[in-house]
Engineer: 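The structure's right below; bear with me while I get my questions together.
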There are 2 protein chains.
Amino acid sequence: MKSDALRGHLDALLLATLDGGQLHGYAIIEALQRRSGGALDLPTGTVYPALRRLETAGLVASEWSTVGGRQRRTYRLTKAGQRALDAERTAWREFTAAIEGVLGGGPWPAQA
Amino acid sequence: MKSDALRGHLDALLLATLDGGQLHGYAIIEALQRRSGGALDLPTGTVYPALRRLETAGLVASEWSTVGGRQRRTYRLTKAGQRALDAERTAWREFTAAIEGVLGGGPWPAQA
DNA sequence: AGGTTATATGTAGGCAAACTACTTAACATC
DNA sequence: GATGTTAAGTAGTTTGCCTACATATAACCT
């Protein structure tokens with residue numbers, strides 16, 4: 001997949017991943033791989049800063065915990081994050097509708 | 001629409017717009033508005049450089065013509081451009097499938 | 001006649017978002 | 001004890017679209 005295609009959709013992906021319950025960053029990356037059928041393999045350098053961004057924006061909240069000597073920062077959706085996710089899903093439908101209107105199924109008749 | 005959402009999909013839009021026949025830049029912008037139901041309103045500073053890029057890449061070809069005293073550069077798909085469009089359509093389907101696998105319809109069951 | 005709007009093409013520079021590459025650290029396994 | 005997996009993070013770069021600007025003709029309005 002063209003790497004830039006995600007632009008502007010990453011937040012939606014992260015929020016949607018947390019919709020099923022809280023997860024830590026590494027688990028989010030694995031969940032994205034699993035749910036996308038292997039198509040998405042986001043590098044940590046993309047995901048961790050993005051989660052911080054979402055936390056600063058108040059859409060997710062995090063807590064540290066230590067599991068087996070390893071540090072985990074576990075993220076969960078806030079209420080604002082839940083609302084943002086709803087908005088992102090709507091925006092996604094509008095986006096795909098617009099693109100598919102153009103991509104269509106092939107050649108297009110001239111304007112009436 | 002979030003302006004950055006198009007990232008990585010602009011070429012597909014431009015190629016698809018030319019799939020119905022040759023058009024000049026200004027007409028391409030109008031066609032994109034019409035086909036997207038008004039959702040897409042690309043600035044000239046986005047479209048003209050992108051068309052040049054596609055021409056350099058050999059995916060479109062252009063010719064100057066003068067209509068009513070105005071200069072028009074009319075673009076058409078090359079064979080390589082047609083092939084690229086086919087590839088873009090396939091990539092689009094894969095892209096949306098991946099995102100929708102994640103966005104899903106709501107909460108997701110834990111891994112089996 | 002003059003002003004505004006629509007048609008038409010283009011350039012220069014900026015900026016945000018994601019990427020690449022790297023670092024750190026504990027534990028598990030070979 | 002070396003390699004691999006789990007886990008989190010930063011620094012700096014690239015990319016590619018956007019904003020703002022510049023130019024020019026034609027059409028329309030007053």
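Chain letters run A, B, ... following the sequence lines, proteins first, then strands; residues in each count from 1.
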Engineer: Please state how far atom CZ in A:Arg52 lies from atom P in C:dA17, giving the value in whole angstrom units.
Structural biologist: 17 Å
Engineer: Going by the rule side-chain contact (heavy atoms from CB on, under 4.5 Å), which residues pair with A:Ala57 if we only count those two or more places apart in sequence or in a different chain?
Structural biologist: A:Leu59
Engineer: Return the value, rounded to whole Å, for the distance between atom CD1 of B:Ile99 and atom P of C:dA18.
Structural biologist: 11 Å
Engineer: Which residues pass the side-chain contact (heavy atoms from CB on, under 4.5 Å) test with B:Thr66, sequence neighbours left out?
Structural biologist: B:Gln71
Engineer: For A:Asp86, which residues count as a salt bridge (Lys or Arg N to Asp or Glu O under 4.0 Å) partner, sequence neighbours excluded?
Structural biologist: none
Engineer: Distances under 3.5 Å between protein N/O atoms and the N/O atoms of nucleotides 17-20 of chain D, please, pair by pair.
Structural biologist:
unit_1, atom_1, unit_2, atom_2, d
D:dC17, OP1, B:Gly8, N, 3.4
D:dC17, OP2, B:Arg53, NH2, 3.0
D:dC18, OP2, B:Thr46, OG1, 2.1

Engineer: Can you find a donor-acceptor N/O pair under 3.5 angstrom joining the side chain of A:Arg70 to the base of D:dT6?
Structural biologist: yes
Engineer: Charged N to carboxylate O under 4.0 angstrom, A:Asp19 versus A:Arg76?
Structural biologist: no
Engineer: In chain order, what residues pass the side-chain contact (heavy atoms from CB on, under 4.5 Å) check against B:Ala39, with sequence neighbours excluded?
Structural biologist: A:Ala98, B:Met1, B:Ser36
Engineer: Residues two or more places apart in sequence or in another chain: which of them pass side chain to side chain donor-acceptor pair (under 3.5 Å) with B:Glu63?
Structural biologist: none
Engineer: Could you check which residues of residues 56-64 of chain B get a heavy atom under 4.0 Å from DNA chain D? Sort them by number, please.
Structural biologist: none
Engineer: Contact list please: residues 21-32 of chain B against DNA chain C, heavy atoms, distance less than 4.0 Å, in numerical order.
Structural biologist: B:His24, B:Gly25, B:Tyr26
Engineer: Could you list all the ring-ring contact (aromatic ring centres under 6.0 Å, His included) pairs where at least one residue sits in residues 52-104 of chain B, not counting sequence neighbours?
Structural biologist: A:His9-B:Phe95, A:Trp92-B:Phe95, A:Phe95-B:Trp92, B:His9-B:Trp92, B:His9-B:Phe95, B:Trp92-B:Phe95
Engineer: Checking A:Arg35 side chain against A:Thr17 main chain: does a donor-acceptor pair fall under 3.5 Å?
Structural biologist: yes
Engineer: Using whole Å, report how far CZ of B:Arg73 lies from C1' of C:dT7.
Structural biologist: 17 Å
Engineer: Begin from the C-alpha positions of A:Gln22 and A:Thr74 and carry the test side chain to side chain donor-acceptor pair (under 3.5 Å) through to its verdict.
Structural biologist: CA-CA 6 Å; A:Gln22 56 175 33; A:Thr74 303; 5.3 Å; no
Engineer: Nearest whole Å is fine: how far is C:dA17 C1' from A:Leu14 CG?
Structural biologist: 13 Å
Engineer: Note the angle between the end axes of the helix from C:dA1-D:dT30 to C:dC30-D:dG1, five pairs defining each, rounded to 10 degrees.
Structural biologist: 10°
Engineer: For B:Arg53, what residues pass the salt bridge (Lys or Arg N to Asp or Glu O under 4.0 Å) criterion, not counting sequence neighbours?
Structural biologist: B:Asp11
Engineer: Going by the rule side-chain contact (heavy atoms from CB on, under 4.5 Å), which residues pair with A:Ala91 if we only count those two or more places apart in sequence or in a different chain?
Structural biologist: none
